[in-house]
Amino acid sequence: MKKFFQNKKLLTAFVILVIVLGLLTISVRLRTQKKTPSIVQRIGNGTVAVVARVVDWPVKTIAKGVDSVEDILQTETENDHLKQQLEALAQTKARNNTLEQENHQLKQALHLKETLTDYSLVTGSVISRSPDTWSDILVIDQGSNAGIKKNMAVMSGGGVIGRVIEVDTTTSKVELITTTAKAVDRFAVEADSSKGKRVHGIISVTGNGTLAFTQVIDSAKLKKGTKVYTSGMGGRSPKGLLIGMVAKTTKDSFGLSNLVEIKPAGNLNDPSVVTVIKRKVSD
Amino acid sequence: MRYLKRWTVAIALFLALILDGSISHFVPLLQDWGVNCWLTLIGLTLVGLEDEHNHQLIWLGLVLGLIADAYYLGIFGIYTFIFPMAVFGAQQLSRFLPVSFWFRWGTCIIIYAVATLYHFLAFYLVGLTQVSFRIWQSSLMPNLIWAALLSAISYPLWLYLATKFPFLVREETY
């Protein structure tokens, strides 16, 4: 022990290790518990975001150019598909309008104020993505100025892609739904089984990064292709946001319970534009 | 202008830090392969190898690490540790290594691999990831290939900046 304390290099390395581990533990806890980061961090992040927007521009232009070529090649197939969708869209829109009015009238008749399905939207652009592979964090250009709050659900490409984990003044950090972090708020979800019964559970991530519908009591009745929506339970996100579709049902690693794998509906790979969902009913 | 020259390396490294986030966003293939896009790390390593007696570079690494941790992760202790340690490691190694592209290129790849391992272990220890060690192993090769590519491409730039514009060194002393 005496030798250890006399060896300056070893002692310094040990002190650095302790400081780094302490810093990591404290900052992870603070990020989870605090609603907003410190003022210094917010100013710093805001400044970096301004530079990021400038640097982003040429990179975005190049990436868009490559995407445009790909789009042109797929135009004909996409056009045929969209024409088919367009015919059904007019009818769906009209029906949606009628249902919305009916819903509004019924709520008024019942003296209901806002329900779990009521929410407003804030659209933002992704300006950066965490350069490392294990964190699954996006930085978007909307912050507390736009009314964004911690834990709001974020959608892209028609489905939920994650949740806001940190809100700065002009930017926010979004943690993707595929994160394997332990201390993360999971989405409470529901789906209709083949027998018409509503099945509840939560979304978690398996060891290989696949989304799974877990803590389900009667998962065997969930057929492939069944849509999974947020249930609005747990006081974080509104009801009825699409998470994905049931891909397959297998057994977990112990072979005891069913593991319902979910194919995400949201664009997790390349989300350029995202929509933050502001639930109207308070938590 | 002379004052700006002293900060050229720092500005270039800061831009590289921002570019890391942009590249990761616009090249989704990197995420699919589990590749970390750390041009800043390559830059710091190469500048450290070239400018081995400049201890200010370690402080620069620390500041860049703090910025990266705050902006990308919201937690401290990942890049705050990786960046200054990469500079320190590179400066220590440069005393024994011959001044040749191949040795420096190899050093970059080794430091990148060590940083990848530390990054995974730190995330695993604090519960920010639960993926198995086997998945990390499978992502190592793509990471090394990416590091080899990045360091080979950016080698002349970092070498030029470190030689022409040494960080916080007054030109009058030369």
Side-chain angles (χ1 to χ4, degrees), chain A residues 16-17 19-31 37 40-41 44-45 47-49 51-52 54-56 58-60 62-64 66-67 126-139 165-166 168 171 173 179-184 205 207-209 268-272, chain B residues 11 14-41 66-82 84-85 115-116 118-120 122-132 134-136 139 142-143:
Chain A
I16 290 173
L17 194 74
I19 291 171
V20 168
L21 282 176
L23 203 64
L24 268 171
T25 318
I26 293 165
S27 57
V28 168
R29 186 166 286 186
L30 282 176
R31 192 183 76 173
V40 181
Q41 202 174 327
N45 286 349
T47 316
V48 178
V51 184
V54 178
V55 175
D56 235 24
V59 183
K60 199 186 252 180
I62 296 167
K64 266 190 178 176
V66 175
D67 283 349
V126 178
I127 46 175
S128 292
R129 188 175 183 139
S130 176
D132 55 286
T133 188
W134 312 115
S135 55
D136 285 334
I137 292 174
L138 304 175
V139 182
I165 55 157
E166 191 185 288
D168 296 306
T171 59
K173 286 188 188 73
T179 180
T180 55
K182 272 182 193 169
V184 71
V205 182
N208 54 8
L268 287 158
N269 250 0
D270 185 19
S272 294
Chain B
I11 295 165
F14 177 67
L15 290 176
L17 185 75
I18 304 291
L19 210 59
D20 283 345
S22 296
I23 295 171
S24 299
H25 174 217
F26 291 110
V27 190
L29 203 70
L30 292 176
Q31 298 285 332
D32 295 344
W33 284 91
V35 172
N36 304 311
C37 183
W38 291 333
L39 181 62
T40 323
L41 182 70
L66 280 169
I67 295 170
D69 274 344
Y71 184 66
Y72 289 121
L73 303 172
I75 57 164
F76 297 92
I78 304 290
Y79 297 116
T80 315
F81 180 73
I82 292 176
M85 287 314 282
T116 310
Y118 166 76
H119 180 266
F120 174 76
F123 262 59
Y124 197 83
L125 269 175
V126 290
L128 288 174
T129 189
Q130 284 177 290
V131 296
S132 60
R134 194 171 288 176
I135 292 181
W136 175 80
S139 74
N143 265 299

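As a basis for the values below, the full set of heavy atoms in this structure was taken, side chains included, without hydrogen atoms, waters or symmetry mates. Protein chains get the first letters and strands the later ones, always in sequence-line order, with residue 1 at the start of each.
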Would you mind telling me which of Tyr72(B), Tyr71(B), Phe81(B) has the largest number of heavy-atom pairs within less than 4.5 Å of chain A?
Tyr71(B)

Selection from Leu66(B), Asn36(B), Leu19(B), Thr116(B) maximising heavy-atom pairs under 4.5 Å formed with chain A:
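Most pairs with chain A among the choices: Asn36(B).
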
If I measure from the heavy atoms of chain B, does [X] come under 4.5 Å with its side chain, its backbone, both, or neither?
X: Ile137(A); result: side chain
X: Leu30(A); result: neither
X: Lys64(A); result: neither
X: Ala63(A); result: side chain

If I measure from the heavy atoms of chain A, does [X] come under 4.5 Å with its side chain, its backbone, both, or neither?
X: Tyr124(B); result: neither
X: Thr40(B); result: neither
X: Leu125(B); result: side chain
X: Asp69(B); result: neither
X: Phe76(B); result: both
X: Trp136(B); result: both

Check whether Asp20(B) reaches the backbone of Pro131(A) with its side chain - one donor and one acceptor, N or O, closer than 3.5 Å.
no

If only atom types and distance count, is the side chain of Asn45(A) paired as donor or acceptor with the main-chain N or O of Thr171(A) below 3.5 Å?
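No, because the side chain of Asn45(A) does not come within donor-acceptor range (under 3.5 Å) of the backbone of Thr171(A).
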
Identify which of [options] forms the greatest number of heavy-atom pairs closer than 4.5 Å to chain B.
options: Gln41(A), Lys173(A), Arg29(A); result: Lys173(A)
options: Val28(A), Asp136(A), Ile165(A), Ile26(A); result: Val28(A)
options: Ile62(A), Val126(A), Leu138(A); result: Val126(A)
options: Ile19(A), Val55(A), Leu21(A); result: Val55(A)
options: Gly22(A), Pro37(A), Ala49(A); result: Ala49(A)

Would you say the rings of His119(B) and Trp38(B) are close, in the sense that their centroids are separated by under 6.0 Å?
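Between His119(B) and Trp38(B), which both carry aromatic rings, the centre distance is below 6.0 Å.
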
State, to 0.1 Å, how close [X] and [Y] come at their nearest heavy-atom pair, and which atoms those are.
X: Leu128(B); Y: Thr179(A); result: O-OG1, 4.3 Å
X: Val54(A); Y: Pro58(A); result: O-CD, 3.3 Å
X: Ala52(A); Y: Ile18(B); result: CA-CG2, 3.3 Å
X: Thr133(A); Y: Gly34(B); result: OG1-CA, 3.1 Å
X: Gln31(B); Y: Ser130(A); result: NE2-O, 3.5 Å

Mind checking whether Val131(B) and Phe120(B) have side chains closer than 4.5 Å, heavy atoms only?
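Touching, per the 4.5 Å side-chain cut-off.
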
Measuring only between side-chain heavy atoms, which start at C-beta, is His25(B) closer than 4.5 Å to Ser272(A)?
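Side-chain contact under 4.5 Å: yes.
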
State which residue, out of Leu73(B), Val35(B), Thr129(B), Ile82(B), fulfils the side chain to side chain contact (heavy atoms under 4.5 Å, CB included) condition with Asp132(A).
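Answer to the side chain to side chain contact (heavy atoms under 4.5 Å, CB included) test with Asp132(A) among Leu73(B), Val35(B), Thr129(B), Ile82(B): Leu73(B).
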
